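Have a look at the structure below, then the notes.
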Amino acid sequence: MDYGLIGQPLGHSLSKPIHESLADYTYDLHPLTKEEFVSFMEEKPFQAINVTIPYKRDVIPYLDSMDDNAKAIGAVNTIVNTDGKLRGYNTDFSGFDYMVNRHGVELKDKKVVVLGNGGAAQAIKAVVRRHQAKEMIVVDVVKDGESISYDELFSSHTDAQVIINTSPIGMYPKVDASPVDLAQFPDCQAVMDVVYNPLTTKLVAQAAELGMIGVTGLEMLVAQAKYAVEIFLNTEIDDDRIQEIYEEIKKEFL
């Protein structure tokens, strides 16, 4: 393939219609098992690809270089193949930053909780740091040196002012799941969920019920794709296209 997306699974992905609305190329969805992933990255049978769960960090050893964003984040979602040399980028950072700014979510001097600490979380954490949050608490099912457990979250950090879900909890088809009960966070002002299918997750629906800002990840998905296409084709696309395609996708696919 020339352009496309690798990851596993990809059945829920909307990247194909988004990319093909932004650019004049065919964009293929290419699910890969762990074994297939290794041979694919060694053979490099592409001009440019996007990378999603679970390979955003696994691709790094195969790269010849990375841009500063990808280096700082430690995860890659965009790769360009130039004469066999692979360069990695992270457009999730710009995509999430776009969504934060568009919805007027204030992170500066706020206590921010990030749910999940996988590849998708790395760009979100970088945006939170860029916006100078007062405190960032990372929560994961697997505790490590950076993250705490959900039990610790509920016992010590219910004063969070912004909650960002980077985990797949609530994603189609398990749409009745939610990572937390927002009623336990009386100071929370905004909830952002990188899940985009369903368009309104259970978490974001509860945020709206409680009078909080609630945003799901479709705008981020479209925005990061726009920035990826600019890298793929070495071109510039007006940011207005993000909202145009967002509205189209909402009508046609969700």
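This is a predicted model, so every value here is computed, not measured. Numbers here are sequence positions counted from 1.
Side-chain contact between Glu248 and Ser21: present, with at least one pair of heavy atoms (C-beta onward) separated by less than 4.5 Å. Using a 4.5 Å heavy-atom cutoff, the side chains of Leu203 and Val191 are in contact. The side-chain heavy atoms of Met192 and Met220, taken from C-beta on, include no pair separated by under 4.5 Å. With a 4.5 Å cut-off on side-chain heavy atoms, Leu153 and Val113 count as touching. In this structure the side chain of Pro54 never reaches within 4.5 angstrom of the side chain of Phe37, judged on heavy atoms. Counting heavy atoms from C-beta on, the side chains of Val215 and Ile213 come closer than 4.5 Å. Annotation: side chain of Ile242 is not in contact with side chain of Met99 (no heavy-atom distance under 4.5 Å). The closest side-chain heavy-atom distance from Asn69 to Tyr89 is not below 4.5 Å.
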Identify each donor-acceptor pair in which a side-chain atom of residues 168-186 lies under 3.5 Å from a protein atom, sequence neighbours left out, and give them as a table.
residue: Ser178; atom: OG; partner: Val180; partner atom: O; Å: 3.1
residue: Asp181; atom: OD1; partner: Ala183; partner atom: N; Å: 3.0
residue: Asp181; atom: OD1; partner: Gln206; partner atom: NE2; Å: 2.7

Side-chain donor-acceptor contacts of residues 221-233 below 3.5 Å, not counting sequence neighbours, with atom names and distances?
residue: Gln224; atom: OE1; partner: Asn77; partner atom: ND2; Å: 3.1
residue: Gln224; atom: OE1; partner: Thr91; partner atom: OG1; Å: 3.1
residue: Gln224; atom: NE2; partner: Leu221; partner atom: O; Å: 3.2
residue: Lys226; atom: NZ; partner: Glu230; partner atom: OE2; Å: 3.1
residue: Lys226; atom: NZ; partner: Ile237; partner atom: O; Å: 3.0
residue: Lys226; atom: NZ; partner: Asp239; partner atom: OD1; Å: 2.6
residue: Glu230; atom: OE2; partner: Ile237; partner atom: N; Å: 2.8

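For the atom pair CG of Leu22 and NE2 of His19, the computed distance is 7.0 Å after rounding to the nearest 0.5 Å. Atom NZ of Lys250 sits about 14.0 Å away from atom CD1 of Ile245, to the nearest 0.5 Å. Within the model, atoms OG1 of Thr52 and CG of Leu29 stand 10.5 Å from one another, a figure rounded to the nearest 0.5 Å. If you take CG on Asp109 and CD on Gln132, they are separated by 7.5 Å, rounding to the nearest 0.5 Å. Here the straight-line distance linking atom CG of Asp238 with atom CD of Glu244 works out to 8.0 Å at 0.5 Å rounding.
For Glu42, the CD atom counts as densely surrounded, since its 6.0 Å shell holds more than 12 non-hydrogen atoms of other residues, nucleotides or ligands. Heavy atoms of other residues, nucleotides or ligands lying less than 6.0 angstrom from NZ of Lys85 number 12 at most. More than 12 heavy atoms of other residues, nucleotides or ligands sit less than 6.0 Å from atom CZ of Arg129.
Within the 3.5 Å criterion, the main-chain N or O of Asp240 finds no donor-acceptor partner in the side chain of Gln243. The backbone N or O of Lys111 lies less than 3.5 Å from a partner atom in the side chain of Gln161, making a donor-acceptor pair. The backbone N or O of Phe93 sits nowhere less than 3.5 Å from a side-chain atom of Asp97 that would complete a donor-acceptor pair. At distances below 3.5 Å, not a single donor-acceptor pair connects side-chain atoms of Thr158 with backbone N or O atoms of Phe154. Although no hydrogens or angles enter the test, the distance criterion places a donor-acceptor pair under 3.5 Å between the side chain of Ser39 and the main chain of Glu36. A side-chain donor-acceptor contact under 3.5 Å links Asp67 to the backbone of Ala70. Judged purely by atom type and a 3.5 angstrom limit, Ser147 uses its side chain to pair as donor or acceptor with the backbone of Asp144. Remark: side-chain polar atoms of Lys44 are paired, donor with acceptor, to backbone N or O of Gly84 under 3.5 angstrom. Looking only at distances, a side-chain donor or acceptor of Thr166 sits under 3.5 Å from a matching main-chain atom of Leu115.
For the 3.5 Å distance criterion, the side chains of Ser149 and Glu152 qualify, holding a donor opposite an acceptor. Lys34 and Gln8 share no side-chain donor-acceptor pair at under 3.5 Å. Remark: the His157 side chain and the Glu135 side chain contain no N/O donor-acceptor pair separated by less than 3.5 Å. There is a side-chain donor-acceptor pair under 3.5 Å between Asn165 and Ser167.
The only member of Leu86, Asp64, Ile49, Asp2 that meets side chain to side chain contact (heavy atoms under 4.5 Å, CB included) when paired with Asn81 is Leu86. When each of Asp92, Asn90, Asn50 is checked for a side-chain hydrogen bond (donor to acceptor under 3.5 Å, both in side chains) with Lys56, only Asp92 meets the rule.
No single ILVMFWY cluster, assembled from side-chain heavy atoms under 4.5 Å apart, contains both Val128 and Met212. Follow the hydrophobic side-chain contacts under 4.5 Å out from Val112 and you reach Phe96 in the same cluster. Under the 4.5 Å side-chain heavy-atom criterion for Ile, Leu, Val, Met, Phe, Trp and Tyr, Val38 and Ile79 are members of the same hydrophobic cluster. Taken together through direct or relayed side-chain contacts under 4.5 Å among Ile, Leu, Val, Met, Phe, Trp and Tyr, Met136 and Val100 form part of one hydrophobic cluster.
Tyr25 and Tyr3 have their aromatic ring centers within a separation under 6.0 angstrom. In summary, the aromatic rings of Phe40 and Tyr55 are positioned with their centroids too far apart to meet the 6.0 Å limit. Ring centroids of Phe46 and His30 are separated by 6.0 Å or more, keeping the two rings apart.
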>> For a side-chain hydrogen bond (donor to acceptor under 3.5 Å, both in side chains) check, start with the C-alpha distance between His131 and Glu106, then their side-chain angles and the critical distance, and finish with the verdict.
In response: CA-CA 8 Å; His131 282 258; Glu106 187 62 58; 6.0 Å; no
>> For a side-chain contact (heavy atoms from CB on, under 4.5 Å) check, start with the C-alpha distance between Asn197 and Thr216, then their side-chain angles and the critical distance, and finish with the verdict.
In response: CA-CA 9 Å; Asn197 189 359; Thr216 42; over 6 Å; no
>> I'd like to know whether Ser155 forms a side-chain contact (heavy atoms from CB on, under 4.5 Å) with Tyr150, so could you lay out the CA-CA distance, the side-chain angles of the two residues, the decisive distance to 0.1 Å, and finally the verdict.
In response: CA-CA 9 Å; Ser155 65; Tyr150 278 86; over 6 Å; no
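Salt-bridge check for Glu20 with Lys16: passed, with a basic side-chain N closer than 4.0 Å to an acidic carboxylate O.
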